Amino acid sequence: NNKVFATSPDRIMTIDVKTFLGVHNSQLEKGQQIAVLVAPASPMWRRKEGIELFHPKHFGFSFEPKLLG
């Protein structure tokens with residue numbers, strides 16, 4: 001639905017549902033069945049300095065971080 005659900009610095013992981021192996025974003029293929037898992041980042045990455053280092057803008061996104069919890 002084009003809404004941001006999670007961003008860095010939280011961990012966003014893609015898993016192939018057939019093999020249960022991790023899939024790097026460069027390996028994603030159209031039609032591939034994956035599960036997306038999100039885990040909260042360590043507290044040190046949630047501090048101001050951590051957010052600045054892993055702000056979504058560093059990955060080409062224009063939105064603000066949205067953290068779990």
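Positions are given from 1 along the sequence. Quick caveat, the model's predicted, so the values are computed rather than measured.
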Go through it in stages, so that I can follow the logic: the residues are Ile34 and Leu28, the test is side-chain contact (heavy atoms from CB on, under 4.5 Å), and I'd like the CA-CA distance, side-chain angles, deciding distance and then a yes or no.
CA-CA 9 Å; Ile34 61 165; Leu28 293 172; 3.9 Å; yes
Nearest heavy-atom contact between Ala39 and Met13 is CB-CE, 3.9 Å
Heavy atoms only: give me the nearest Arg46-Leu68 pair and the separation to one decimal.
NH2-O, 2.9 Å
Tightest non-hydrogen contact, residues Pro65 and Pro56, listed as CG-CD, 3.6 Å
May I ask you to decide if Glu29's main-chain N or O and Gln32's side chain share a donor-acceptor pair within less than 3.5 Å?
yes
Is His24 reaching over with its side chain to a backbone N or O of Thr14, donor-acceptor style, under 3.5 angstrom?
no
Could you check Glu64 against Lys57 for side-chain contact (heavy atoms from CB on, under 4.5 Å), going step by step and ending with a plain yes or no?
CA-CA 8 Å; Glu64 290 300 312; Lys57 71 181 175 185; over 6 Å; no
In the hydrophobic clustering that connects Ile, Leu, Val, Met, Phe, Trp and Tyr at side-chain heavy-atom distances below 4.5 Å, which members other than Met44 occupy its cluster, ordered by chain and number?
Val4, Trp45, Leu53, Phe54, Phe59, Phe61, Phe63
Salt-bridge criterion met for Asp10 and Lys66 (N-O under 4.0 Å)
no
If you take all heavy atoms of Lys18 and Gln33, which pair is closest and at what distance?
CE-OE1, 4.0 Å
Please name the pair of heavy atoms, one in Leu37 and one in Ile15, separated by the smallest distance, quoted to 0.1 Å.
CD1-CG1, 3.8 Å
Which pair of heavy atoms, one from Ile51 and one from Leu67, lies closest together, and at what distance?
CD1-CD1, 3.7 Å
